[in-house]
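Notes for the one structure printed next.
Numbered from 1 within each chain, the chains take letters A, B, ... in sequence-line order.
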Amino acid sequence: MRGINITISVLIASAILGYLMAFIAGLCRLSSNVFIRKATGFYIELFRGTSLIVQLFWLYYAVPMLFDIQLGSNWLVGVIAIALNYGAYMSEIVRGSILSVAKGQTEAATALNMSSFQRMRLIILPQAVRMMLPEFGNYLIQMLKATSLVYLIGMNDILYYGNILRSNDLSQAPTVYLLLLVFYFILALPIIWLTRKAEVISKKGVAS
Amino acid sequence: MTEPIVTFQDVHKSFGDVEVLKGINLDIKPAEKVAVIGPSGSGKTTIIRMLMTLEKPTSGDIIVDGKNLWKMDKNGQLVDANEKHLREVRGDIGMVFQHFNLFPHMTILENCMTAPIHVKKENKQTAKQHSIQMLEKVGLGDKLDNYPSQLSGGQKQRVAMARALVMRPKVMLFDEVTSALDPELVGEVLEVIRDIAKEGEMAMILVTHEMDFALDVADKVLFLDEGVIAEQGTASEVIEHSSNERLQSFLKRFRA
Amino acid sequence: MDNWSWEIFFDAFPVVLEGLGITVGLTLACYLFSLIFGFVWTFLRRVPFKPLNWIVTWVMEFIRSTPPLVQLFFIYFAWPMVPVVGMTLSPFTSAVLGLGLHFSTYIGEVYRSGIEGVDKGQWEASQALNLSTRQKWLKIILPQAIPPTIPMLGNYLIIMFKEVPLASTIGVVGILHMANSYGAQYWAYLEPLTIVAILFLVLSYPSAILISKLEKRMNRRFDKKETLNSSKGATT
């Protein structure tokens, strides 16, 4: 099966970028600076309020027209769209997890004279990340499903090759699409398994 | 006459419209053991939380070792302290909480070691040595690699004390440290506090409901009522010989 | 920003808007389908027969973790070729089946969490009162299981609304399809796609706020006991 490398590389790149966005935006939402908070809030609502496929087309067709720039390859457009979209969703998880670490933890860290940066790095984040893991796993599956959309902006991923196979022999359509579905499912299986592991881990070692 | 290590000067604190503390004046000398008693809602905990910089006073000054805690000098003017200033001054203070607040993602040893390493910049070996020493002192030398969730309430509170002691504060605050414990575990925690008190050096402020314990350990007892210090003196003066009626009825409830 | 043209914007607006009826209609049809089919999943998982539970769980997992786009293609392009049961379906019907089925697996989970959220004592109490199975479900369990799920179900309506444009790939002429064909015709994608984005934002953002308000109200109603307990723990 050709096109696998595209599907997988888009998944990995957009997951890394998406998690990064989630942390940046999630922490910005907790900033004491009103402007940073509002601006991040706008980004989050914008991307959660419209759908991924619209964002993808918008980045692919509209942005180059609007600003007279090329966003590089359509691989990059796909990665950016998926990362920005799911980054916005996951930033809420980052924010919620940080907020749900018990207040007593911050107080104890203050009583040990830690700076606000040390409190975040040593005490709050290690606990918050444990809480985030299961949801992060669920969103990784969402991102895996979303990678199929890059076909719509002209990428030669597995869906593209599947469609070519079908148009060569229409009677093969059921086999082709079933194989594609199974392929995605095989990719998803380890993520499902890891997510269940993460659920067990996250139940331990958190004060809330 | 020694200089006080902690001084409160007309400190007020309001939460919203409710004034919890209505002008607290207080001197605590180095190595002095002070017990703060009083009915719920009288503002006992708020006093030590302001000293730990967990709550900001509405007005008034808190002086720690000659330095104003909540205000700093900026071009000859007193302005609200920033975090850097707070960190400089509160380094002399340690606190033990009612609900322990141990870090659940760290072992007992790591709970104690983290602050010395990151805050006091001690090297890892020294920090580890001191932490083990302290944990042995509170009787938990055999639990170093356990996680807080594996301990009883009394053990957790002893870890919390070791964790605070490792920072070698000049003033240690105890916020109702036995209230969240099962009755049979209170004794072991009080025992440790008594030992620490005997060693001397450190000033201690204990917010507590354990009257007999306060009588035994404290040099000075403060009775806090309706936002002011209604009565103060040596333990026996306050607890046994006071004529304050509200104090008498408060004590009756606790010693019955 | 020189490439932005208000002229095209206003020219394209009514064209794109024509697709709104289809988009909203498809959303509602898919939603209804998944609400009903969600019950089927929940029911099948409760049948006291282990192998069936196991199969149902994995089928749900399969549907949930594979792309709805591929599922749409399967139903629209491949279903007619399947021997015996296969038949040709219109794009709209395919979309209802495909997206509805996909999201029914999520809805089924919501129902399950609602049922499992009912206190164990309630089951035992209805047993003790010797209620029939029918009475137990209608009078005791469902009235308690359904209200907490309402905000979650509302969220899924919004999520589905945002997934429905996928159907434009198999030729359902919703707003995205209208925008794309306008774009292809006049080689002007910027304005019509922006209109689509605005329409989504205008429709989904207020509904999201509404649902989060609803959720807060529900939480207040159902967590009363918890807040009472936690206020007791406050220190002086």
So do C:I63 and A:L181 actually touch side chain to side chain, heavy atoms under 4.5 Å? no
Is it true that a side-chain atom of C:T66 and a backbone atom of A:Y184 form a donor plus acceptor pair closer than 3.5 Å? no
So what's closer than 4.5 Å to chain C heavy atoms on A:Y89: side chain, backbone, both or neither? side chain
Can you tell me which of C:T169, C:L176, C:V82 forms the most heavy-atom pairs within a distance under 4.5 Å of chain A? C:L176
Step through the shown structure and confirm whether more than 12 heavy atoms of other residues, nucleotides or ligands are within 6.0 Å of CZ on A:F136. yes
In the structure I gave you, are the side-chain heavy atoms of A:Y177 and C:Y76 within less than 4.5 Å of one another anywhere? no
Nearest-0.5 Å distance that lies between atom CG in C:L190 and atom OH in A:Y61: 13.5 Å
I need the residue from C:Y189, C:F200, C:F161 with the largest number of non-hydrogen atom pairs under 4.5 Å to chain A. C:Y189
Partner chain C: residue of A:A62, A:P174, A:A173 with the largest heavy-atom pair count (under 4.5 Å): A:P174
Given a strict heavy-atom distance threshold of 4.5 Å, which part of A:I191 is in contact with chain C: side chain, backbone, both, or neither? neither
On a heavy-atom basis, the closest approach of A:N163 and C:F73 is ND2-CE2, 3.5 Å
Considering only heavy atoms, which portion of C:T194 lies under 4.5 Å from any heavy atom of chain A: side chain, backbone, both, or neither? both
Heavy-atom distances under 4.5 Å only: say whether A:Q142 touches chain C with side chain, backbone, both or neither. side chain
Among A:L170, A:L189, A:L144, A:L187, which has the most heavy-atom pairs under 4.5 Å with chain C? A:L170
Any non-hydrogen side-chain atom of C:S65 less than 4.5 Å from a side-chain atom of A:K145? no
Side chains of A:V182 and C:F62 in contact at under 4.5 Å (non-hydrogen atoms): yes
Over all heavy atoms of both residues, which pair between C:V70 and A:S148 is shortest? Give the atoms and the distance, please. CG2-CB, 4.4 Å
Between A:L52, A:L159, A:I141, A:L46, the one whose heavy-atom pairs under 4.5 Å with chain C are most numerous: A:L159
Report the distance from atom CG of A:L149 to atom CG of C:L166, rounding to the nearest 0.5 Å. 6.0 Å
Is a side-chain donor or acceptor of C:K162 paired with a backbone partner of A:R48 at a separation under 3.5 angstrom? yes
Do you know which of C:Q71, C:E61, C:E191 has the most heavy-atom pairs under 4.5 Å to chain A? C:E61
Take atom OH in C:Y205; do more than 12 heavy atoms of anything else shown fall under 6.0 Å from it? no
Distance in Å, A:S51 OG paired with C:L201 CG, rounded so as to fall on 0.5 Å steps: 11.0 Å
Side chain, backbone, both or neither: which part of A:L152 has a non-hydrogen atom closer than 4.5 Å to chain C? side chain
Checking heavy atoms, do the side chain of C:A197, its backbone, both or neither come under 4.5 Å from chain A? both
Which heavy-atom pair separates A:V54 from C:L193 by the least distance, and what is that distance? CG1-O, 4.3 Å
